[in-house]
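Note that this is a predicted model, so its numbers are computed, not measured. Just so it is clear, the values below take in all heavy atoms, side chains as well, and ignore hydrogens, waters and symmetry mates. Sequence lines set the chain letters: A, B, ... in the order given, protein chains first and strands last, and positions in each chain run from 1.
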2 protein chains.
Amino acid sequence: MEEFAAVSGISRPTVSKYFNDPNSVRASTRERIEAALEKYDYRPNIFAMNQNRKLTKNVGIVVPYLADPFFAEIVRVIEQECIAAGFSPTVFSSHGQQEQEKSILDTLRSLKPAGVLLAPLGRSSDKSAIEDFCKNVPTVLFDSNLEGMGEAFVGSDNHSFVEQTVQYLSRTGAAPCFFEMRNPANPNANKRRNAYLEVMQSIGLEPNVVSIDGEGWGFEEIGRQGGLKVLKDGALATNTVLCSNDRLAIGFLSACYEMGLTVGRHEKCDLRVASHDDHPFSRFTCPSLTTAAHDYSAVSDCSVETLFRLIESGGKLGDRTETLFPARLIMRESA
Amino acid sequence: MEEFAAVSGISRPTVSKYFNDPNSVRASTRERIEAALEKYDYRPNIFAMNQNRKLTKNVGIVVPYLADPFFAEIVRVIEQECIAAGFSPTVFSSHGQQEQEKSILDTLRSLKPAGVLLAPLGRSSDKSAIEDFCKNVPTVLFDSNLEGMGEAFVGSDNHSFVEQTVQYLSRTGAAPCFFEMRNPANPNANKRRNAYLEVMQSIGLEPNVVSIDGEGWGFEEIGRQGGLKVLKDGALATNTVLCSNDRLAIGFLSACYEMGLTVGRHEKCDLRVASHDDHPFSRFTCPSLTTAAHDYSAVSDCSVETLFRLIESGGKLGDRTETLFPARLIMRESA
DNA sequence: AAGGAAAATTTGCGCGCGTAAAATTTTAAT
DNA sequence: ATTAAAATTTTACGCGCGCAAATTTTCCTT
């Protein structure tokens, strides 16, 4: 930068100013810099820039499992929005592991981010590590909530998801049983089960929760194995199955197919299957999956906006807000 | 670090040495540092460390589209391997856009990575930008090859994929037609089409390529739309369809289902569908997808190993090697 | 045209660390 | 015990840049 400033005939700090905001220097100076830029194609070192900046333009985005298309898609959108706002997002995936999540938080501290959007692992997160991190770095939690941590939480209203699917299913046929993992990694899963119990009770129906075993993030395989077992055992009390999430449902559909069972909302079908999330692939399953959709764009927009507000207000918001967006029922062929 | 060194009673550079390699300091010194570490839980700033290091421990991983589970999965594996080898990987997705890819390469330069694993966009890459980057940063290309760029290429042998599927399909039933995008973003797609033509000719069969329109990375939807069109037009010359890749096949299967066509290898089925990649979801489609699998672990292992060799030898390898791994046929229910 | 305020630029310093060379300590050998 | 050699630690400097304060330039007013 020193050299570049020399050949431009301008002092280095002025060049530095230019790169932080081209409009902060005089038009004539700007032109000289841009002219020199053409010739020597210099570009400042981002990490050296951030080293001394009071407020960096870095933001961190952390998700529990990036190989899950649901998170991959959300991350893609959030990333673009951050770039559009002039920030430099860096994406991290915890890969479902507590150790990874902790080491990401460490890395993130030295990145000195202006703010962080964090979707924690949930049950397997190291709560105190996250709490400590949030105290030092302005953080907005999204997707899955950890009581009291971060400056705000943005996510979906699990109750609304379940309410809509249960209402729809019981209105149009048999009341659903609820197909879920026994020990879900994600706290949303627990909220969904509770919502199911609540909604079923409120409309005076007998709830029926089918919990299957399985650990980790291979939900499709877990759903398939669990589905095969449940179907073979005849453990379903009804012909309508509401899966806790779409990935589980994708596995369950696969199990149904293997068992020769037809799934769909038509009378001649053996089963109806619905689910939650509107996973990117749920419209391509056979049959296409009836599901309750996240308001993807609302969640991403609100997360990003909240983060920006947090950054502008210097890392502290008044009181911790929890914003929940309702689901939208997507009626497809499976139920 | 200055402060921490002071309270440890050791000079800062020695502490610095410790963090670069705990064994490079005397045992007694190491103990004193580690004792102090317990009390003050100091940790060095990664980015300040890398600023002056001759050889950083950073590696960059760039993929064209992270929301594609195929890349998400490969990245997950590669990332773990890099961590295990003591490197700090940073993941970037070009999101299918040339501008993004270029700006990632810029960011990467200031990260001063010891090496980069780059899966380029392919057709829509800015070739000269990538060439320039490869000259300055030790780079191993993977997944999709750009003639002569980078110090090495590691990928799958497209010919082997197509050969196996075509051989299998024609041996067990009607010869396949080839279902592909007209203007594929990825150069592998072209190689697959050519391999198809070649293999069909070599076994004395009439090739039949069905090219569909569509832009971007929403392959499932493109496959579905194209599938609906082709099926309605009766444009398929045979009841066996070989898709260029699994995501296209997932869309095509969805189209078949919508049209009421049954897919499978049994005689009573209307169509057989096979494909290439062994996408993480291909075993959960209905029916499960017969496909030619990448040797995922071989490709990731070899990419990473090649990168490490490249780093150790100071950024230059003798001559540019191209390593191609053959496919493995995965016979499932769809064909 | 002179004066003064505002804007732009420059000076000087420091961020958190790596690294070569110099100084010191330890080890090994006589 | 002495000393050279080896290992370790310290000194001194620099990386690429941001930022506050000091200085200069520009622009507007009377």
Original post:
Is the phosphate of D/dG18, meaning OP1 or OP2, less than 4.0 Å from a side-chain N or O of A/Asn50?
Top reply: no
Subject >> N/O (side chain, A/Tyr42) to phosphate O (OP1/OP2, D/dC17) under 4.0 Å >> reply: yes
**OP:** Can you label the angle between the B/Phe4 ring and the B/Tyr40 ring as parallel, tilted or perpendicular, going by 30° and 60°?
**Re:** perpendicular
Which whole-number value in Å describes the distance from [X] [atom1] to [N] [atom2]?
| X | N | atom1 | atom2 | result |
| --- | --- | --- | --- | --- |
| A/Glu3 | D/dC15 | CD | C1' | 13 Å |
| A/Asn45 | D/dG14 | CG | P | 19 Å |
| B/Phe47 | D/dG18 | CZ | P | 16 Å |
| A/Arg12 | D/dC15 | CZ | C1' | 12 Å |
| A/Gln51 | D/dC17 | CD | P | 11 Å |
| B/Lys112 | D/dG14 | NZ | P | 16 Å |
| A/Asn20 | D/dC17 | CG | P | 11 Å |

Original post:
Nearest nucleotide by nearest heavy atom, which residue falls closer to the 5' end of DNA chain D, B/Gly9 or A/Pro44?
Top reply: B/Gly9
Original post:
With nearest nucleotides of DNA chain D determined for B/Pro13 and A/Met1 from heavy-atom distances, which residue corresponds to the more 5′ nucleotide?
Top reply: B/Pro13
Original post:
Can you pull the salt bridge (Lys or Arg N to Asp or Glu O under 4.0 Å) pairs that have at least one residue in residues 85-109 of chain A, sequence neighbours excluded?
Top reply: A/Lys102-A/Asp126, A/Asp106-B/Arg43, A/Arg109-A/Asp132
Subject >> Check ion pair A/Lys316-A/Glu151 (N to O, under 4.0 angstrom) >> reply: yes
**OP:** Specify the closest pair of heavy atoms between A/Pro64 and A/Trp217, including all atoms of both residues, with the distance to one decimal.
**Re:** CB-CH2, 3.6 Å
Original post:
How close do A/Ser156 and A/His294 get, heavy atom to heavy atom, and via which atoms?
Top reply: OG-ND1, 2.7 Å
Original post:
Can any side-chain N or O of A/Ser8 pair as donor or acceptor with the backbone N or O of A/Ile10 at less than 3.5 Å?
Top reply: no
Original post:
Side chain of A/Asn52, base of D/dC19: donor and acceptor closer than 3.5 Å?
Top reply: no
**OP:** Check the pair A/Glu3, A/Tyr42 against side-chain hydrogen bond (donor to acceptor under 3.5 Å, both in side chains), reporting the backbone distance first and the verdict last.
**Re:** CA-CA 10 Å; A/Glu3 288 179 28; A/Tyr42 154 86; over 6 Å; no
Original post:
Along DNA chain C, 5' to 3', what are the outermost nucleotides having an atom less than 4.0 Å from a heavy atom of chain A?
Top reply: C/dA8 to C/dG16
